[in-house]
Colleague: 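Quick one: the structure is below, questions incoming.
As the structure lists them, so they are numbered: ligands from 1, and atoms in each ligand from 1.
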Amino acid sequence: GLAPSEPKEGEENLRSPICCIMGHVDTGKTKLLDCIRGTNVQEGEAGGITQQIGATYFPAENIRERTRELKADAILKVPGLLVIDTPGHESFTNLRSRGSSLCDLAILVVDIMHGLEPQTIESLNLLRMRDTEFIVALNKVDRLYGWKTCKNAPIVKAMKQQTKDVKNEFERRLTEIITEFKMQGLNTELYYKNKEMGETYSIVPTSAISGEGIPDLLLLLVNWAQKTMVEKLTYVDDVQCTVLEVKVIEGHGTTIDVVLVNGVLHEGDQIVVCGLQAIMLFLFLLFQGPIVTTIRALLTPHPMKELRVKGTYVHHKEIKAAQGIKITAQGLEHAIAGTALHVIGPDDDIEAIKDQAMEDMESIGTPICVP
Ligand code: GDP
């Protein structure tokens, strides 16, 4: 089924952590996502990975399977990991849900051949501002001169196969990059040498081309999340949901793509999203205003790839977090991406929720009035 975050018996009631990928252009953000998504698919076995709206879902079993070589005895308490699909998407650095960032965790990608670049520092500052935990992927290790490919191997195993020269060049570049981070006021260390995660940020060397270090990255993400974020990841009844994109879809009209961070959404739920309202004054002006509407349909892509014909979706009566979902409803034409979606419960005061929606919008700094 399509309720991957449904807790199984004996499991704690945790939702999947949400992870985004950030970093300078061309460091390999897209490739890294392809790589962590593609491994099992290429072997003709999807491994439970499902493409969602704006995100990819990795079930815990898939992560366990892919990290087996690390012999970490991964005890996975979270149902899986949800990775946001749009690296570098302008809005997703802005995306907030009730004052906190949409992502629980981030991967900050740094090119080992280039070190810290302007957008690395921008991403770093955003992450710090939002208090988002992150792991550094030191990508493109395969570009070290003389690198011997060890497809999808844990990084320590891959490193053992390298010549002394490769190891030296790796150490030299790593030391340089650790110094660059220090100049940004940040302590970093190779993850398997890092004894004080939390104080010191972990670096995982990776190759998005040949997959070295990817098992380490997956395991570290999940372990880190479930060790330090139990409270944040505990499933709640209150809906926490963020609008990723506003799109017109043939046959559905204007739809919104959302990430349901926590809680449950139902068909027929009354919702409030931030919007721009057109008002005729002397000029035609658009003002900010909340949109109150009712969820007509909750849609996800078809899980079976071969059945996925363009424009066909699975309809759901209800969906539980964390997931990427397409919502159809009336009046979404002027909805604003990057803002929170609120659900109006039977005992809620609509006006109070409208006010809350507007506060969210002010906090992301959308202009008050767009002529
Ligand atoms: P993005 O802009 O950060 O999303 O970067 P891309 O994923 O588009 O990658 C930029 C370029 O670097 C592409 O040509 C990729 O094929 C290449 N690339 C990405 N990761 C690696 C890697 O680990 N090793 C090598 N050799 N090339 C990579």
Colleague: Ligand 1 versus Asp142, non-hydrogen atoms closer than 4.0 Å: side chain, backbone, both, neither?
Modeller: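 Contact part for Asp142 vs ligand 1: side chain (C-beta onward).
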Colleague: Only one of Glu169, Glu171, Glu176 clears side chain to side chain donor-acceptor pair (under 3.5 Å) with Arg173; which?
Modeller: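 Passing option: Glu169.
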Colleague: For Ser207, counting its heavy atoms only, list the atoms of ligand 1 lying under 4.0 Å from any of them.
Modeller: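 Result: 23 (O).
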Colleague: Does the distance from a Lys or Arg side-chain N to an Asp or Glu carboxylate O, for Asp349 and Lys354, drop under 4.0 Å?
Modeller: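 Salt bridge absent between Asp349 and Lys354.
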Colleague: Does any donor atom in the side chain of Tyr235 or Asn262 lie under 3.5 Å from an acceptor atom in the other side chain?
Modeller: no
Colleague: May I ask you to check whether Val25 has an N/O atom sitting below 3.5 Å from an N/O atom of ligand 1?
Modeller: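 N/O-N/O distance under 3.5 Å: no.
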Colleague: What are the atoms of ligand 1, with element, lying closer than 4.0 Å to any heavy atom of Ala208?
Modeller: 20 (N), 22 (C), 23 (O)
Colleague: Using a 4.0 Å heavy-atom cut-off, which part of Arg143 comes near ligand 1: side chain, backbone, both, or neither?
Modeller: side chain
Colleague: Check each of Lys140, His24, Lys31, Gln119 against atom 11 (C) of ligand 1 and report the one with the nearest heavy atom.
Modeller: Lys140
Colleague: Hey, would you say the Phe134 and Tyr201 ring centroids sit under 6.0 Å apart?
Modeller: yes
Colleague: Roughly how far, to the nearest 0.5 Å, is CG of Leu260 from OG1 of Thr242?
Modeller: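 Spacing of OG1 (Thr242) from CG (Leu260) equals 9.5 Å.
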